[in-house]
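Worth saying up front: this structure is predicted, and the values here are computed from it rather than measured.
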Amino acid sequence: MRKVADCRDMPSESGCTLTIAGSEDEVVVAAAQHAQAVHGHTDTPEFREQLRTMLKDEEPANAH
């Protein structure tokens, strides 16, 4: 099952609405890069583990 990171789940001054979906490892890497480039976070192993705990399973497109 694909994983999802959604910026709307995090407090943000910019009101970022980016959603990243893919394999767990792909999403963690992309979300860490986005968080660093756009939100000013420091990309550390601890930060990536925190991101990993916040991932959600992607809902199938026909679930609604």
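Listed by first and then second residue, the salt bridge (Lys or Arg N to Asp or Glu O under 4.0 Å) pairs that reach into residues 25-38 are D25-R52, sequence neighbours excluded. Residue pairs meeting the salt bridge (Lys or Arg N to Asp or Glu O under 4.0 Å) criterion with at least one partner in residues 37-47, sequence neighbours excluded, are D43-R48.
How far CZ of R2 is from CG of D57: 12.0 Å, rounded to the nearest 0.5 Å. With rounding to the nearest 0.5 angstrom, the NZ atom of K56 is 11.5 Å from the NZ atom of K3. Taking CE of M1 as the start and CD of E24 as the end, the distance is 12.5 Å to the nearest 0.5 Å.
Remark: M54 pairs with M10, Q50 by the side chain to side chain contact (heavy atoms under 4.5 Å, CB included) rule, at least two apart or across chains. Judged as a side-chain hydrogen bond (donor to acceptor under 3.5 Å, both in side chains), and not counting sequence neighbours, T17 has no contacts.
A21 and V27 make their closest contact through C-CG2, 3.6 Å (heavy atoms, listed as atom of the first residue, atom of the second, distance).
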Let me check something: any side-chain donor-acceptor pairs from residues 28-40 under 3.5 Å, sequence neighbours excluded? List them with distances.
from: H34; atom 1: NE2; to: H39; atom 2: NE2; distance (Å): 3.2

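Hydrophobic clustering, with ILVMFWY side chains joined whenever heavy atoms are under 4.5 angstrom apart, keeps L51 apart from I20.
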